[in-house]
Amino acid sequence: MIQRSTRTLASLVLLLASLGLALPAQAELSITRGSEAANGLAESNPVPEWVYTVRPGESFDEIASALLAGNVSAGKVLQYNDINNPATVASGDRIRIPLAWLQRQPDPARIRSVVGQVQLISGRDGSKHPLTSNTLVRVGDEILSHSGTATVELADGSVVRISPNSRLAFNRLTQYGKSGMVDTRLRLDRGEIETRVKPLIEGGSRFEIETPSAVAAVRGTMFTLRTAPGKTDLRVTEGEVSFGPPGETRRIPAGYSASVSTVGVGDMSIRQLPPAPTMSPLPPRLKQLPARLSWQPSGAEVHRVDIFDAESGRWMESSRVGGDSFDIDLLDNGRYEIHLASLDSRGIAGMPGILNVEVDLQARIATLEQPEAGATVNDDMPEFRWQLLGDNEVARVEIAEDRDFGNLVATSEWAPDESALPSRPLSPGQYYWRVVTEAGGNSVATSDTRSLVVNGTLPPVRIISVNYIDSQVRVFWQKVDTAAEYRLQLSEEPRFNNIIKEATLSDTTAALRLIPGRRYFVRLKALSNGPLESRWGPGRELFLK
């Protein structure tokens with residue numbers, strides 16, 4: 001019984017040799033009983049250790065400060081390693097430190113990408129928030145995916161991809177000081193996750209995922225875990241996983257699946273996964289989409305296609321496909337990893353075939369059709385038409401009052417259509433329009449520019465008030481939103497047959513010097529940048545005593 005429990009515990013206890021972090025770049029792991037005089041441990045009770053190799057310029061005190069827990073003194077490590085004088089520690093020396101003596105700090109995970117509706121449930125107060133990229137996930141938090149997916153990066157670089165309709169809790173996210181070792185324990189209550197775990201070496205740290213019916217302890221591997229009421233399924237595609245009911249785990253190697261049911265205690269079935277399908281090659285760089293992915297018939301009725309962004313790990317597509325082909329479409333420019341696997345009778349995916357492709361779409365300049373260049377239209381919502389010359393493109397029309405498009409007055413929605421209406425009615429006046437085409441998310445092409453006149457008249461200008469100051473009269477009038485400037489006329493008779501002063505003004509006020517004792521009349525009209533103008537507004541009598 002004791003030996004069996006020891007084996008079970010050892011299968012769940014895993015050690016991470018992550019040599020890429022800054023301080024432990026020269027470190028390695030060991031299981032040893034240490035110095036007999038220092039710790040008095042029997043040979044049958046080995047102590048998990050972290051063995052650190054001193055780097056040039058480092059002192060023993062610096063190493064101890066960076067790695068040791070607060071209740072462990074540097075002298076204790078010296079005694080453990082039979083070192084009498086810390087000054088004798090030199091570059092290349094190996095210092096053994098029991099794992100229990102290392103610092104342990106919470107180390108949050110980070111969300112690399114989110115697609116669709118996913119929530120973060122706070123472990124602090126139970127509140128729910130939409131999950132977004134770069135969100136930190138802390139101990140006690142849970143991720144609840146509805147129709148969406150999420151990709152999580154753990155402190156050691158391991159990646160967990162969460163499928164739709166899943167609930168994953170983060171029970172422990174611990175780092176051993178700056179040693180690079182982690183203790184990660186997750187709980188999958190329902191749904192499916194796919195993981196890519198950094199290599200682990202037995203002896204100290206662990207990466208463990210618990211479900212309602214099983215536990216999976218990981219040793220640097222790639223695997224999928226799926227759980228539903230009464231059952232948990234495991235699929236291992238790389239490395240190996242210790243899997244099974246708590247206390248009854250078995251090592252499942254790559255190429256195999258295992259299922260645990262709660263119907264019978266300890267009931268576990270292990271099967272070999274279907275082999276990876278033979279896929280027809282695709283060009284390494286796709287210049288247009290859709291592109292057809294095809295494969296040789298494998299005997300499976302259904303296959304699963306997963307597409308991942310190679311940079312962020314984002315889950316772009318997951319589809320179940322009947323037949324022997326699948327159309328790849330609606331991807332932005334970038335590098336992608338395509339996984340294809342056969343599904344067995346239980347719906348578990350087999351070993352994946354993997355293709356790496358780059359999408360490199362180039363937008364092409366659209367051909368403008370209607371309205372013609374210099375056209376005049378009577379509709380304030382004219383239809384714009386064009387022709388797309390590329391594949392998998394979206395476009396929108398842009399409308400401005402200036403040829404440089406420094407101030408857009410209207411646009412349309414981005415769409416794969418070849419016609420659109422402006423986003424708002426166009427006031428009478430002259431405009432310029434063009435069509436912008438986009439492909440692959442970052443390739444843009446802009447068409448030639450055409451001018452357009454929208455018929456109509458500007459509203460008349462009404463004088464608001466007149467102020468008399470000494471021999472000067474100041475006139476104020478109402479602003480016309482669509483006017484660029486105003487024309488003012490001054491006459492000595494109300495019919496304005498004899499104009500004595502005329503000026504074009506950009507403001508809505510003007511100062512006039514008048515001869516006292518005479519009667520004058522003033523009126524205004526609004527002008528546009530184009531050929532449109534308003535009718536003259538009503539005249540206003542002016543009299544300076």
Side-chain angles (χ1 to χ4, degrees), residues 368 370-384 397-412 421-434 448-469 471-515 518-544:
L368 304 186
Q370 295 292 334
E372 297 286 349
T376 299
V377 298
N378 297 317
D379 188 356
D380 63 356
M381 291 286 285
E383 182 182 40
F384 297 87
V397 64
E398 295 183 345
I399 305 162
E401 292 179 334
D402 59 291
R403 187 176 290 274
D404 295 331
F405 289 83
N407 181 30
L408 294 180
V409 298
T411 62
S412 65
L421 298 177
S423 55
R424 68 171 184 84
L426 301 177
S427 301
Q430 180 167 316
Y431 297 94
Y432 300 90
W433 69 281
R434 65 188 182 186
D448 295 334
T449 298
R450 285 186 177 180
S451 62
L452 172 71
V453 174
V454 177
N455 274 336
T457 59
L458 300 179
V461 181
R462 299 187 181 277
I463 295 175
I464 301 173
S465 63
V466 176
N467 292 343
Y468 295 91
I469 303 176
S471 63
Q472 191 177 76
V473 178
R474 181 165 288 277
V475 181
F476 299 88
W477 57 89
Q478 188 177 30
K479 180 181 179 181
V480 176
D481 290 336
T482 52
E485 52 192 6
Y486 304 89
R487 181 73 51 80
L488 179 147
Q489 286 185 344
L490 185 69
S491 175
E492 290 185 321
E493 44 87 21
R495 294 183 179 275
F496 289 87
N497 290 323
N498 181 27
I499 306 298
I500 61 174
K501 183 176 181 59
E502 186 168 10
T504 300
L505 308 166
S506 59
D507 206 350
T508 57
T509 182
L512 305 173
R513 288 193 174 275
L514 305 179
I515 299 175
R518 291 188 182 183
R519 295 188 180 276
Y520 298 89
F521 297 87
V522 65
R523 67 179 181 180
L524 294 114
K525 69 163 45 178
L527 306 176
S528 72
N529 284 324
L532 300 181
E533 58 186 42
S534 74
R535 65 179 183 274
W536 288 104
R540 180 78 173 261
E541 184 179 0
L542 305 177
F543 180 75
L544 188 65

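On a predicted model such as this, the values are computed, not experimentally measured, just so you know. The basis for the numbers below is simple: all heavy atoms, side chains too, and nothing from hydrogens, waters or symmetry mates.
- Take Arg434 and apply the side-chain hydrogen bond (donor to acceptor under 3.5 Å, both in side chains) test, not counting sequence neighbours, and it matches Glu398.
- Annotation: side chain of Ser451 is not in contact with side chain of Tyr431 (no heavy-atom distance under 4.5 Å).
- For Arg519, the side-chain hydrogen bond (donor to acceptor under 3.5 Å, both in side chains) criterion is met by Glu541, not counting sequence neighbours.
- The nearest pair of heavy atoms linking Pro382 to Pro422 is O-CD, 3.1 Å.
- By the 4.5 Å heavy-atom criterion applied to side chains, Leu505 and Trp477 are counted as neighbours.
- Side-chain contact between Arg424 and Val409: present, with at least one pair of heavy atoms (C-beta onward) separated by less than 4.5 Å.
- Of the inter-residue distances, the one linking Lys525 atom NZ with Thr504 atom OG1 reads 10.0 Å to the nearest 0.5 angstrom.
- Here Gln489 contributes atom CD and Ile500 contributes atom CD1; the two are 11.0 Å apart, rounded to the nearest 0.5 Å.
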Does Leu514 form a side-chain contact (heavy atoms from CB on, under 4.5 Å) with Phe543? I'd like the steps, not just the answer. CA-CA 8 Å; Leu514 305 179; Phe543 180 75; over 6 Å; no
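- For residues 374-384, the salt bridge (charged side-chain N to carboxylate O under 4.0 Å, His left out) pairs, not counting sequence neighbours, are Glu383-Arg385.
- Put simply, the side chain of Arg540 never gets that close to the backbone of Arg462: no donor and acceptor are under 3.5 Å apart.
- For Glu493 against Arg495, the heavy-atom pair with the smallest separation is OE1-N, 3.0 Å.
- A side-chain donor-acceptor contact under 3.5 Å links Ser423 to the backbone of Thr411.
- Side-chain contact between Leu544 and Tyr520 is absent, with no heavy-atom pair separated by less than 4.5 Å.
- Between the side chain of Tyr486 and the backbone N or O of Val480 there is at least one donor-acceptor pair closer than 3.5 Å.
- A 6.0 Å sphere centred on CZ of Arg535 holds no more than 12 heavy atoms belonging to other residues, nucleotides or ligands.
- Pairs of residues two or more places apart, or lying in two chains, that qualify as salt bridge (charged side-chain N to carboxylate O under 4.0 Å, His left out) and include a residue from residues 502-513 are Arg487-Glu502.
- For Glu485, the side-chain hydrogen bond (donor to acceptor under 3.5 Å, both in side chains) test picks out no residue, with sequence neighbours left out.
- The side-chain hydrogen bond (donor to acceptor under 3.5 Å, both in side chains) check on Arg474 picks up Thr509, with sequence neighbours excluded.
- No side-chain donor-acceptor contact under 3.5 Å links Glu401 to the backbone of Asn407.
- Of all heavy-atom pairs spanning Pro371 and Trp433, the tightest one is O-CZ2, 3.3 Å.
- Side-chain atoms of Leu542 and Leu490, non-hydrogen and from C-beta on, do get closer than 4.5 Å to each other.
- The shortest heavy-atom contact between Phe496 and Ser491 is CD2-CB, 3.5 Å.
- In terms of heavy atoms, Gln478 sits closest to Val461 at O-CG1, 3.9 Å.
- Rounding to the nearest 0.5 Å gives a distance of 11.0 Å between CZ of Phe384 and CD of Gln370.
- Using modelled atom types, one side-chain atom of Asp402 and one backbone atom of Asp404 make a donor-acceptor pair closer than 3.5 Å.
- For the pair Ser534 and Pro459, the tightest heavy-atom approach, listed with the atom from each and the gap, is CB-O, 3.3 Å.
- Among Val453, Leu452, Leu426, the one residue that satisfies the side-chain contact (heavy atoms from CB on, under 4.5 Å) test with Val377 is Leu452.
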